[in-house]
Amino acid sequence: MKKFTSIKGLVAPLDRSNIDTDAIIPKQFLKSIHRTGFGPYLFDEWRYLDHGEPGQDCSTRPLNRDFTLNDPRYKGAAILLTRENFGCGSSREHAPWALSDYGFSVILAESFADIFYSNCFKNGILPVVLSATQIEDLFQATLEKPGFSLEVDLESQTITGATEPITFELDAYRKYNLLNGLDEIGETLSYRQEITDFEKKHLAQHSWLLKEVR
């Protein structure tokens with residue numbers, strides 16, 4: 001997993017509450033277990049006017065011009081701004097896969113569904129919880145300032161680019177893993193030598209484990 005230190009990027013405002021994972025990536029796209037290729041189908045039922053299916057060429061599909069991500073102003077956005085309870089619904093890990101594959105590295109919201117929040121850290125996305133007032137101020141800024149961008153620094157836990165710098169809270173363990181590009185598997189493998197040493201010692205003390213079972 002790629003290390004996350006800081007990012008400066010365009011902000012895309014998605015002014016909705018209780019966005020569930022089926023809206024983020026509809027169920028018909030869950031057949032693949034690969035982490036890439038989901039970006040074109042992010043928010044599929046909102047971005048397009050037709051019904052999407054896996055493998056479909058999205059470049060020829062009719063667009064919903066009223067949807068935020070189809071607005072040229074937000075093309076290439078790396079930061080998603082939204083409301084409360086983002087990522088509710090089923091626990092599908094495809095949701096952060098789709099967000100990441102589209103290009104989002106940071107999500108700013110009033111609150112997140114617990115499982116989705118946890119899945120973001122496992123996939124290199126930084127979900128940041130801000131107050132309702134802070135979120136509202138950022139929405140106003142995106143409307144008033146074309147090309148509104150923010151810089152999010154994980155080490156200092158600060159957001160700059162708004163009227164005033166914003167600080168945010170984050171669990172130290174999750175922060176460490178993001179800074180070092182570690183998910184649970186990566187963290188476990190960082191103890192590879194200790195694991196190898198233990199296995200050698202354990203087998204030496206219990207050599208009967210090596211005997212072939214007849």
With a 4.5 Å cut-off on side-chain heavy-atom distances among I, L, V, M, F, W and Y, is there a chain of contacts connecting [X] to [Y]?
| X | Y | result |
| --- | --- | --- |
| L182 | F121 | no |
| V129 | I166 | yes |
| L179 | Y117 | yes |
| Y48 | W46 | no |
| L143 | L130 | no |

How about [X] and [Y]: do any of their side-chain heavy atoms sit closer than 4.5 Å?
| X | Y | value |
| --- | --- | --- |
| T158 | P165 | no |
| R61 | P40 | no |
| F38 | L99 | no |
| K27 | R92 | yes |
| I125 | N119 | no |

Would [X] and [Y] pass as an ion pair if we require N to O under 4.0 Å?
| X | Y | value |
| --- | --- | --- |
| D153 | K8 | no |
| D101 | R35 | no |
| E136 | R83 | yes |

So, [X] side chain and [Y] main chain: donor-acceptor pair closer than 3.5 Å or not?
| X | Y | answer |
| --- | --- | --- |
| D20 | D22 | yes |
| Q157 | L154 | no |
| Q56 | E53 | yes |
| H94 | I24 | no |
| T142 | F139 | yes |
| Y41 | C58 | no |
| S149 | G147 | yes |
| S100 | W97 | no |

In Å, rounded to the nearest 0.5 Å, how long is the span from [atom1] of [X] to [atom2] of [Y]?
| X | Y | atom1 | atom2 | value |
| --- | --- | --- | --- | --- |
| S6 | E155 | OG | CD | 10.0 Å |
| L170 | K175 | CG | NZ | 7.5 Å |
| D57 | T60 | CG | OG1 | 4.5 Å |
| Y102 | I25 | OH | CD1 | 13.0 Å |
| L81 | L14 | CG | CG | 8.5 Å |
| L126 | I107 | CG | CD1 | 9.0 Å |

- Enclosure of L10 CG (heavy-atom neighbours >12, cutoff 6.0 Å):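 Yes, enclosed.
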- Item | D114, CG atom: more than 12 neighbouring heavy atoms under 6.0 Å |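 No, because the 6.0 Å sphere around CG of D114 holds 12 heavy atoms or fewer from other groups.
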- Item | Evaluation steps, side chain to side chain contact (heavy atoms under 4.5 Å, CB included), between F168 and L108 | CA-CA 10 Å; F168 58 91; L108 309 176; over 6 Å; no
- Task: Could you walk me through whether F112 and N85 pass the side chain to side chain contact (heavy atoms under 4.5 Å, CB included) test, one step at a time?
- Result: CA-CA 4 Å; F112 295 89; N85 199 29; over 6 Å; no
What are the two closest heavy atoms between [X] and [Y], and how far apart are they?
| X | Y | answer |
| --- | --- | --- |
| P127 | C120 | CG-CB, 3.8 Å |
| L42 | A98 | CD1-CB, 3.9 Å |
| I7 | F4 | CG2-CZ, 3.8 Å |
| M1 | G124 | SD-N, 3.2 Å |
| K3 | G181 | CG-N, 3.7 Å |

Are a donor atom and an acceptor atom from the side chains of [X] and [Y] found within less than 3.5 Å of each other?
| X | Y | answer |
| --- | --- | --- |
| T21 | S90 | yes |
| S111 | E84 | no |
| S131 | T133 | no |

Please tabulate, one pair per line, all N/O donor-acceptor pairs under 3.5 Å involving side-chain atoms of residues 68-77, not counting sequence neighbours.
from, atom 1, to, atom 2, distance (Å)
T68, OG1, P13, O, 3.0
N70, ND2, R47, O, 2.8
N70, ND2, N64, O, 2.8
D71, OD1, R73, N, 2.9
D71, OD1, R73, NE, 3.4
D71, OD2, R73, NE, 3.0
D71, OD2, R73, NH2, 2.8

- What do you reckon, are the aromatic ring centroids of F86 and F116 less than 6.0 Å apart?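 Ring-ring flag for F86/F116: true, centres closer than 6.0 Å.
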